[in-house]
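Below is one structure; the comments refer to it alone.
Values below: every heavy atom of this structure, side chains too, minus hydrogens, waters and symmetry copies. Order of the sequence lines fixes the chain letters, A, B, ..., with proteins taken first and strands second; residue numbering starts at 1 for each chain.
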Amino acid sequence: MEYNFREIEKKWQDDWTQKGVYHVNNNSPKPKYYVLDMFPYPSGAGLHVGHPLGYIASDIFARYKRLKGFNVLHPMGYDAFGLPAEQYAIEHGIHPAVSTDQNIKNFRAQLDKIGFCFDWGREVKTSDQKYYKWTQWIFLQLFNSFYNRLTQKAESITRLIGIFEKEGNANHPIPNSSFTVRDARFTCHDWKSFNEKTRQDILMEYRLAYCGYGEVNWCEALGTVLANDEVINGVSERGGYPVVKKKLRQWYLRITEYADRLLEGLERIEFSEAMKEMQTNWIGKSFGAEIDFEVKSQEPGVGSLRVYTTRPDTIFGVDFMVIAPEHELIQKITSTEQKKPVEDYITYVKSRSDRERQAEKKITGCFTGAYAINPFDQREIPIWISEYVLAGYGTGAIMAVPCGDERDFKFAKHFNISITNIIGKHYNDEEANPTKDAVLENSGFLNGIVMRDAMELVIGKLEELGIGKRKVNYKMRDAAFSRQRYWGEPFPIVWKDGIAYPLDEKELPLVLPEVEKYGPGPDGEGPLANLKDWANPIDLPPALAGGQRETNTMPGYAGSSWYFLRYMDPHNENEFCSRKASDYWAQVDLYIGGTEHAVGHLLYSRMWTKALYDLGFIGHDEPYKKLVNQGMITGVSEFIYRYNPSENIGTVHMANEIPYKKIDISSLLSKEKNIAAIMAQGLFPEIYFSHDAIPKGEVINFSPLHVNIKYVDANKLDVEEMALKESKFHKACFVCNDGFYLNGKWYNNELKENSKLIFTTTSAGEKMSKSKLNTQNPNELCDKYGADTFRMYEMFLGPVEQSKPWDTKGIEGVHRFLKKLWRLFFDELKGKVWNEEKANDAELKVLHKTIKKIEEDTERFSFNTGVSAFMIAVNELSDLKCHKKEVLEKLLIILTPYAPHISEELWHQLGNEGTILDAAFPKPEEKYLVESSKNYPVAINGKTRAELNIALDATQQQVEEIILANETVKKWLEGKSPKKIIYVKNKMINVVI
RNA sequence: GCGGGUGUGGCGAAAUUGGCAGACGCAUCAGACUUAGGAUCUGACGCCGCAAGGUAUGUAGGUUCGACUCCUAUCACCCGCACCA
């Protein structure tokens with residue numbers, strides 16, 4: 001009886017499905033544990049070996065927790081709305097729902113092969129109306145809420161209306177993220193006098209999901225707006241198309257109101273430092289002051305210039321002001337003689353795209369002809385315009401302190417502006433010094449004060465004079481929430497007379513209608529705007545008659561911002577998730593996924609959770625307790641070398657562009673007469689060389705060519721297979737270092753069979769891609785070695801959190817281990833070899849040591865050393881010829897999370913009923929554990945072996961005598977006798993008690 | 001430029017608290033069994049050296065009886081952010 005993994009895995013997968021062993025109940029006396037994977041976007045390419053890495057890790061942990069007696073929720077679903085399906089629809093005319101469903105089927109088949117313990121009864125699909133009904137519902141909750149800064153939480157907008165009616169907005173100023181109104185104040189009387197439109201416009205300034213005009217990232221190629229995190233280096237994340245700034249009416253999420261709580265929450269959750277850092281940077285909180293400077297310009301009475309600075313202490317070092325080219329004050333303050341240069345400069349800036357600005361950081365600028373007055377020493381400070389000041393951050397204007405800021409310094413040097421030194425010897429006129437520890441000089445009333453302490457003083461003074469105030473600033477902007485696309489959730493909003501009216505909850509879901517074409521609608525609207533009947537519905541409630549539907553759709557991150565809640569109560573038709581269910585499952589205990597969502601999904605879902613918590617729908621305000629980022633599995637390309645006698649290629653270049661080898665083909669051909677002869681006959685179009693067959697010589701004519709890695713196994717290319725399957729190689733000749741392959745035969749001195757071409761491997765650590773032929777489909781590996789081998793091998797590759805190149809070379813070793821395990825139970829000839837004899841101490845030691853090790857490794861996510869521990873255990877049990885049920889049974893239980901199929905099979909072979917999934921994880925028995933013999937270091941007065949007169953050929957006994965006679969050792973032992981004495985490297989002596 | 005991370009054999013990697021560096025696996029080599037081996041088993045395997053021994057965790061220092069581990073400096077690579085005042 002041999003290890004027939006195909007049969008076993010099929011059998012148990014069917015059995016588990018049929019018996020519903022992965023069904024999870026919301027009512028259980030057991031403690032709960034929630035293990036979540038980032039659900040995949042079902043792309044057409046299917047899964048590759050990188051995907052399952054995280055899934056396997058989470059699956060192992062989920063199964064482990066189950067053995068440990070937890071009620072484990074481990075669901076899976078699909079992030080099904082998104083751009084690629086729509087692009088595919090545009091190109092091929094296939095409805096995104098159709099292609100998405102096909103892809104999901106494909107994903108599901110692949111996932112099932114690997115044997116995950118997902119409760120598929122809880123599957124969610126964000127494009128399903130039963131799901132997005134609740135995405136729309138949550139949107140309405142956000143729309144109907146505002147952030148109360150006094151209570152620091154989201155509250156109902158009706159409450160805000162009540163406040164306005166009573167006291168106006170004195171205590172609730174308009175959030176500064178507003179795009180249309182700034183600092184507008186009104187009283188309760190004003191409010192009462194406002195008409196409906198005005199009131200709604202004002203409320204829109206407060207809503208957590210709101211619509212406003214603003215500069216957005218417009219991607220022409222994709223025909224839509226993108227969120228900041230979807231734009232990378234001025235091009236779109238998806239597709240790499242150019243992105244420009246455009247003013248458009250857009251929906252936003254007022255995530256900026258949550259900035260502080262998003263920061264504070266990071267302290268309570270287990271994310272990696274890198275991840276926390278990324279989110280912290282993205283939020284970009286800084287403390288400083290806003291200062292108003294009186295402006296002195298040709299035209300008097302233009303008011304003041306407001307700047308934001310984190311260094312108010314440097315106010316006496318201000319040598320010039322810089323305002324953004326978009327700053328509204330420019331028109332007013334520019335002097336007549338500077339008008340032309342300023343206009344020219346602004347034209348120049350407009351001609352530069354964001355990309356250009358970021359790529360080449362030139363020092364550019366233009367003087368306005370106006371001056372600002374330093375409030376403390378009345379100095380006149382020239383006001384400049386420069387593109388290095390961003391309109392969108394702070395007030396779009398800065399006070400430049402060249403002695404303390406590098407950019408200001410370079411600007412001053414470039415334009416020859418004289419620099420005031422306020423930090424004495426800390427400044428050397430060669431570069432700026434941003435220190436906070438200098439004692440201030442040339443600083444009026446601040447002279448002699450350390451900068452760090454001066455900050456408070458200045459802010460106090462500014463506030464006292466009424467020309468400035470303390471100010472906290474954030475880099476984070478509100479998140480753009482609408483897309484001019486088809487394949488997303490429609491907004492449950494109807495516009496009438498310029499007012500956005502939410503649909504009644506009873507009308508949800510607002511179903512995504514069918515469209516004929518997926519192309520953009522008129523005026524930057526989405527495809528839905530082409531549907532006149534849908535966009536101008538006739539069946540609206542009387543009050544909204546004549547209204548139009550919002551034709552934008554929600555972005556991809558809408559559905560993924562709350563899916564972890566839906567898994568808890570996936571079939572609830574009355575609520576997005578019952579409070580009972582969310583209270584039971586609460587936070588995700590373990591969330592596994594890639595780092596690519598650091599500032600997107602992970603931030604948005606945290607915000608949604610906080611809003612839902614504030615509004616009382618759930619009882620926790622951080623969605624994830626612990627996040628583990630799995631590393632990327634990168635590809636490894638394999639090459640052969642094409643000989644191009646007709647083209648003079650020059651030096652052979654490897655993918656990394658380093659000249660690799662120079663070869664003289666002619667010398668080779670004169671030597672290998674057969675090849676030359678065959679070449680001369682022109683029987684084949686091309687010759688390919690293995691790496692080591694390329695002769696070392698002078699010249700050229702070889703170019704590296706990617707070969708599909710599926711033909712490569714353990715560094716060897718299966719040439720025959722490849723020549724058979726790939727039509728372009730049908731007539732090719734493959735030259736190997738000891739012969740060549742042509743037309744189905746090997747030629748050499750003798751006919752060789754099963755010969756393999758030896759290969760070189762290069763370019764590890766690159767992204768997997770179709771063009772490099774380096775993608776690996778997990779299905780093929782599962783077919784070849786079985787799911788258990790595949791699972792264990794992926795874990796064995798290295799730490800889960802580390803990126804690593806994919807390489808199948810080692811998979812044989814893991815497969816061997818499983819076969820060896822099998823042989824502890826069954827012998828090929830003798831059949832059953834396991835027995836019910838009593839285990840001896842040596843065997844129990846192996847068992848309990850392994851239990852302890854697996855427990856520790858699994859708990860700390862060290863699955864690679866866990867797999868090693870199993871290998872060691874099986875090796876040792878084989879050596880001990882231990883086939884005892886007493887030992888093997890427990891070994892199977894702890895192996896279950898790693899290799900569930902073989903464990904289940906053997907467990908049944910041992911005569912057990914039910915499923916091993918519900919077995920209890922055994923406790924390691926202390927008495928069998930190798931006593932944790934602590935090595936106590938004894939430095940014998942720092943003396944080495946030689947100094948203690950221990951001869952090199954001294955026997956163990958002689959050594960011990962000498963050591964035990966030593967005063968230091970005697971003292972330390974306190975009369976006890978040591979277990980063991982160990983030398984280390986002649987120098988140190990360990991005494992073990 | 002700023003922030004985070006990683007450097008250990010031919011390769012993937014272990015070393016959990018500062019205690020015999022390289023576990024486990026791959027590849028390679030030698031051998032056994034076999035009609036056969038792409039099955040299985042045994043042994044060797046960082047580097048130098050016939051050996052004894054020496055030497056070795058990116059580099060240079062430091063702390064320590066003892067350092068892959070802690071400290072200082074430095075180099076290389078990877079990831080993230082990037083004119084954020």
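rG7(B) sits 11 Å from rU69(B) when the P atoms are compared, rounded to a whole Å. Between rG66(B) and rC20(B), the two C1' atoms lie 12 Å apart (nearest whole Å). Across the P atoms, rA85(B) and rA13(B) are found 38 Å apart, a figure rounded to whole Å. Taking the P atom of each, rA15(B) and rG25(B) are spaced 16 Å apart, rounded to whole Å. rA27(B) and rG12(B) have their P atoms separated by 15 Å, given to the nearest Å. When the P atom is used for both rC48(B) and rG9(B), the distance is 14 Å, rounded to whole Å. rC71(B) and rU55(B) are spaced 27 Å apart, taking the P atom of each and rounding to whole Å. Nucleotides rG10(B) and rG4(B) are separated by 31 Å at their C1' atoms, to the nearest Å.
Glycosidic conformation, rG9(B): syn, with the torsion inside 90° of 0.
Phe825(A) pairs by the ring-ring contact (aromatic ring centres under 6.0 Å, His included) definition with nothing, not counting sequence neighbours. Ile363(A) meets the side chain to side chain contact (heavy atoms under 4.5 Å, CB included) test with Lys410(A), Phe411(A), His414(A), Phe415(A); sequence neighbours excluded. Residues satisfying the salt bridge (charged side-chain N to carboxylate O under 4.0 Å, His left out) test with Lys852(A), not counting sequence neighbours, are Glu856(A). Residues passing the side chain to side chain contact (heavy atoms under 4.5 Å, CB included) test with Met278(A), sequence neighbours excluded: Ala598(A). Shown here are the ring-ring contact (aromatic ring centres under 6.0 Å, His included) partners of Tyr427(A), two or more places apart in sequence or in another chain: there are none. Every residue two or more places apart in sequence or in another chain that forms a side chain to side chain contact (heavy atoms under 4.5 Å, CB included) with Glu277(A) is listed here: Asn281(A). Taking the side chain to side chain contact (heavy atoms under 4.5 Å, CB included) definition, one finds that Arg470(A) meets it with Glu456(A), Ile459(A), Glu463(A), sequence neighbours left out. For Asp857(A), the salt bridge (charged side-chain N to carboxylate O under 4.0 Å, His left out) test picks out Lys853(A), Arg860(A), with sequence neighbours left out.
Counting any heavy atom pair closer than 4.0 Å across all strands shown, Lys852(A) reaches no nucleic acid atom.
In this model, a donor atom of one side chain and an acceptor atom of the other lie less than 3.5 Å apart for Thr256(A) and Asp478(A).
Rounded to whole Å, atom C1' of rU40(B) lies 14 Å from atom NE2 of His815(A). Atom CZ of Phe826(A) and atom P of rA39(B) are 23 Å apart (whole Å). In this structure, Ile291(A) places its CD1 atom 14 Å from P of rA85(B), rounding to the nearest Å. In this structure, NZ of Lys285(A) is placed 14 Å from P of rA85(B), rounded to the nearest angstrom. A straight line from CD of Glu596(A) to C1' of rC81(B) spans 17 Å, rounded to a whole angstrom. The OH atom of Tyr308(A) sits 17 Å away from the P atom of rC83(B) (whole-angstrom rounding). In this entry the distance linking OH of Tyr3(A) with P of rA39(B) reads 16 Å, nearest Å. One atom, CZ of Arg860(A), and another, P of rA14(B), lie 9 Å apart when rounded to the nearest Å.
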What's touching nucleotides 1-6 of chain B from the protein side, N or O pairs under 3.5 Å?
from, atom 1, to, atom 2, distance (Å)
rG3(B), O2', Glu277(A), OE2, 3.1

Are there any protein N/O atoms within less than 3.5 Å of an N/O atom in nucleotides 23-25 of chain B, and if so, which ones and at what distance?
from, atom 1, to, atom 2, distance (Å)
rA23(B), N1, Ser868(A), OG, 3.4
rG25(B), OP1, Asn875(A), ND2, 3.0

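Applying the 4.0 Å criterion to OP1 and OP2 of rA85(B), one finds that Tyr388(A) has every side-chain N and O outside that range. Contact annotation: Lys819(A) side-chain N/O to rA39(B) OP1/OP2 distance is not under 4.0 Å. OP1 or OP2 of rA39(B) has not a single side-chain nitrogen or oxygen of Arg823(A) nearer than 4.0 Å.
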Report task. Output, in order, the C-alpha distance, side-chain angles, deciding distance and verdict of side chain to side chain contact (heavy atoms under 4.5 Å, CB included) for Phe790(A) and Lys784(A). Result -> CA-CA 9 Å; Phe790(A) 177 69; Lys784(A) 196 165 173 194; over 6 Å; no
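Heavy-atom distances to RNA chain B give each of Thr310(A) and Ser862(A) a nearest nucleotide, and the one nearer the 5′ end belongs to Ser862(A).
Using a 4.5 Å cut-off on side-chain heavy atoms (C-beta onward), Leu818(A) and Met792(A) make contact. When side chains are defined from C-beta on, Ile383(A) counts as touching Ile323(A), because their heavy atoms get closer than 4.5 Å. Side-chain contact between Gln279(A) and Leu262(A): absent, with no pair of heavy atoms (C-beta onward) separated by less than 4.5 Å.
Distances from the side chain of Lys853(A) to the nucleotides rU16(B), rA85(B), rG80(B) place rU16(B) closest.
Each of Met275(A), Glu270(A), Lys276(A) was scored for a side-chain contact (heavy atoms from CB on, under 4.5 Å) with Ser272(A), with one residue passing: Met275(A).
The stretch residues 395-403 of chain A touches RNA chain B through Ile398(A), each having a heavy atom within less than 4.0 Å of the strand.
RNA chain B forms stems at B:1-7 with B:75-81, B:10-12 with B:24-26, B:28-32 with B:40-44, B:46-48 with B:53-55, B:58-62 with B:70-74, each a run of 3 or more consecutive Watson-Crick or G-U wobble pairs whose two key distances fall under 3.5 Å.
Taking the six-membered ring where tryptophan is involved, the planes of Phe870(A) and Phe817(A) are tilted, since the angle between them lies from 30° to 60°. Ring orientation note: the planes of Tyr345(A) and Tyr348(A) are tilted relative to one another, at an angle of 30° to 60°.
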